[in-house]
Chemist: 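Below are the structure tokens for one structure; questions will follow.
Small disclaimer: the values here were computed from a predicted structure and weren't measured. All values below come from the heavy atoms of this structure, side chains included, with hydrogens, waters and symmetry mates left out. Counting starts at 1 for both ligands and their atoms, following the listed order.
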Amino acid sequence: MANQDIRGNLERVQAAIARACARVGRSPEEVLLIAVSKTVEVDRIRLAVAAGVPALGENRVQEAREKIETLGRPVPWHLIGPLQTNKAKDAVRLFDWIHSVDRLELARELDRRARALGRTVDVLLEVNAGEEPQKSGARADEIKPLLDAISGLSGIRIRGLMAIPPAASDPDQSRPHFRRLRELRDAAGLEHLSMGMSADFEVALEEGATMVRVGTAIFGPRPVRGS
Ligand SMILES: *Cc1c(COP(=O)(O)O)cnc(C)c1O
């Protein structure tokens with residue numbers, strides 16, 4: 001089954017990225033493919049790195065810690081899942097990018113922990129694109145006040161926005177959310193837009209994503225788990 005063929009899967013994803021970019025006159029060079037390796041064991045992550053994935057994404061700090069201790073940092077690691085304030089210290093130590101900053105309290109703690117390590121961490125503000133009550137992420141009207149409050153913090157650098165639009169049966173249903181996110185990103189004067197997963201990264205790229213987070217299409221289906 002092709003799902004075990006990480007190198008072949010990666011090539012197919014890269015080709016799809018190139019096609020989506022070509023459709024809207026973008027260069028694939030301006031897009032970062034983040035291979036989402038949650039639940040994937042280290043041997044298979046190693047294969048993905050050998051095949052040339054440019055970045056890895058994990059959604060749980062604890063799980064990522066074990067993997068990073070084993071694999072080191074052959075490519076940058078991105079935290080893409082929700083972050084509790086009490087894990088900020090570990091997150092700053094482990095990750096190059098944090099996509100899930102959605103409240104000032106968390107931003108302040110990341111800033112404090114990053115400065116203690118003498119570094120500046122690149123972060124994205126997570127936006128609750130569909131305004132779904134059960135999902136994390138700031139509301140659109142909270143972006144500007146958050147940016148203003150965070151701009152004075154030297155330990156974190158806000159590089160863009162991240163979002164997970166509401167689940168959809170057809171990727172085109174996500175297009176209006178992606179388009180709106182791009183408008184929010186532009187209004188905020190930021191560079192990056194992390195949006196698009198296995199099912200909808202091509203639409204996200206057509207709408208301006210600069211980072212796509214792709215797990216299943218590279219590593220195959222994940223075992224079902226609690227969250
Ligand atoms: C799991 C996950 C992904 C990747 O999802 P796939 O559908 O497997 O590509 C992307 N973003 C986030 C935040 C995730 O948790």
Side-chain angles (χ1 to χ4, degrees), residues 1-6 8-17 20 31-41 44-45 47-48 51 53-65 67 75-84 87 91 94-103 106 122-130 132 134-138 159-175 177-178 181 192-205 207-227:
M1 165 100 176
N3 282 328
Q4 298 307 314
D5 175 13
I6 291 174
N9 289 348
L10 177 63
E11 282 168 8
R12 275 184 287 277
V13 168
Q14 284 166 332
I17 290 173
V31 175
L32 178 67
L33 169 61
I34 301 168
V36 176
S37 53
K38 63 188 184 196
T39 78
V40 177
E41 38 327 345
R44 304 186 67 239
I45 301 175
L47 289 176
V53 301
L56 290 162
E58 287 281 336
N59 72 335
R60 293 179 176 193
V61 173
Q62 172 69 32
E63 180 181 337
R65 180 193 310 149
K67 290 175 179 175
V75 297
W77 289 90
H78 291 238
L79 178 64
I80 60 171
L83 179 58
Q84 292 170 311
K87 300 229 174 87
L94 293 167
F95 291 97
D96 301 281
W97 286 73
I98 297 173
H99 291 224
S100 47
V101 175
D102 61 356
R103 56 197 191 277
L106 175 59
D122 288 304
V123 307
L124 304 177
L125 279 192
E126 183 175 354
V127 181
N128 187 345
E132 297 169 280
Q134 79 282 13
K135 270 203 195 157
S136 50
R159 304 293 305 278
L161 304 181
M162 176 271 208
I164 311 167
S169 51
D170 175 344
D172 255 313
Q173 289 171 353
S174 301
R175 192 181 294 276
H177 292 292
F178 291 146
L181 285 157
H192 284 288
L193 202 44
S194 166
M195 60 185 193
M197 322 199 326
S198 292
D200 57 11
F201 68 88
E202 293 161 77
V203 174
L205 287 167
E207 297 300 332
T210 67
M211 297 180 173
V212 290
R213 311 177 305 266
V214 179
T216 311
I218 294 174
F219 292 107
R222 284 181 294 276
V224 176
R225 73 176 178 189
S227 75

Chemist: Got a second to check how far Asn59's CG is from Leu79's CG, nearest 0.5 Å?
Modeler: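 Between atom CG of Asn59 and atom CG of Leu79 there are 8.0 Å.
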Chemist: Among all residues two or more places apart in sequence or in another chain, which pass the side-chain contact (heavy atoms from CB on, under 4.5 Å) test with Ala51?
Modeler: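 With neighbours one apart ignored, the set is Arg7, Leu10.
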Chemist: N or O contacts of ligand 1 with protein under 3.5 Å, please list pair by pair.
Modeler:
{"residue": "ligand 1", "atom": "8 (O)", "partner": "Thr216", "partner atom": "N", "Å": "2.8"}
{"residue": "ligand 1", "atom": "8 (O)", "partner": "Thr216", "partner atom": "OG1", "Å": "2.5"}
{"residue": "ligand 1", "atom": "8 (O)", "partner": "Arg222", "partner atom": "NH1", "Å": "2.7"}
{"residue": "ligand 1", "atom": "8 (O)", "partner": "Arg222", "partner atom": "NH2", "Å": "3.1"}
{"residue": "ligand 1", "atom": "9 (O)", "partner": "Ser198", "partner atom": "N", "Å": "2.9"}
{"residue": "ligand 1", "atom": "9 (O)", "partner": "Ser198", "partner atom": "OG", "Å": "2.5"}
{"residue": "ligand 1", "atom": "9 (O)", "partner": "Gly215", "partner atom": "N", "Å": "2.8"}
{"residue": "ligand 1", "atom": "11 (N)", "partner": "Arg213", "partner atom": "NE", "Å": "2.9"}
{"residue": "ligand 1", "atom": "15 (O)", "partner": "Lys38", "partner atom": "NZ", "Å": "2.7"}

Chemist: Which residues pass the side-chain contact (heavy atoms from CB on, under 4.5 Å) test with Arg65, not counting sequence neighbours?
Modeler: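 Gln62, Glu69, Asp90, Arg93, Leu94.
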Chemist: Donor-acceptor pair, Thr216 side chain versus Pro221 backbone, under 3.5 Å?
Modeler: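 A pair under 3.5 Å: no.
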Chemist: Would the distance check show the side chain of Asn128 and the main-chain N or O of Lys135 forming a donor-acceptor pair, the cut-off being under 3.5 Å?
Modeler: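 It does hold such a pair.
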Chemist: Side-chain atoms of residues 159-171: list all donor-acceptor pairs with protein atoms under 3.5 Å, sequence neighbours left out, distances to 0.1 Å.
Modeler:
{"residue": "Arg159", "atom": "NH1", "partner": "Asp122", "partner atom": "OD1", "Å": "3.1"}
{"residue": "Arg159", "atom": "NH2", "partner": "Glu191", "partner atom": "OE1", "Å": "3.1"}
{"residue": "Asp170", "atom": "OD1", "partner": "Asp172", "partner atom": "N", "Å": "2.8"}

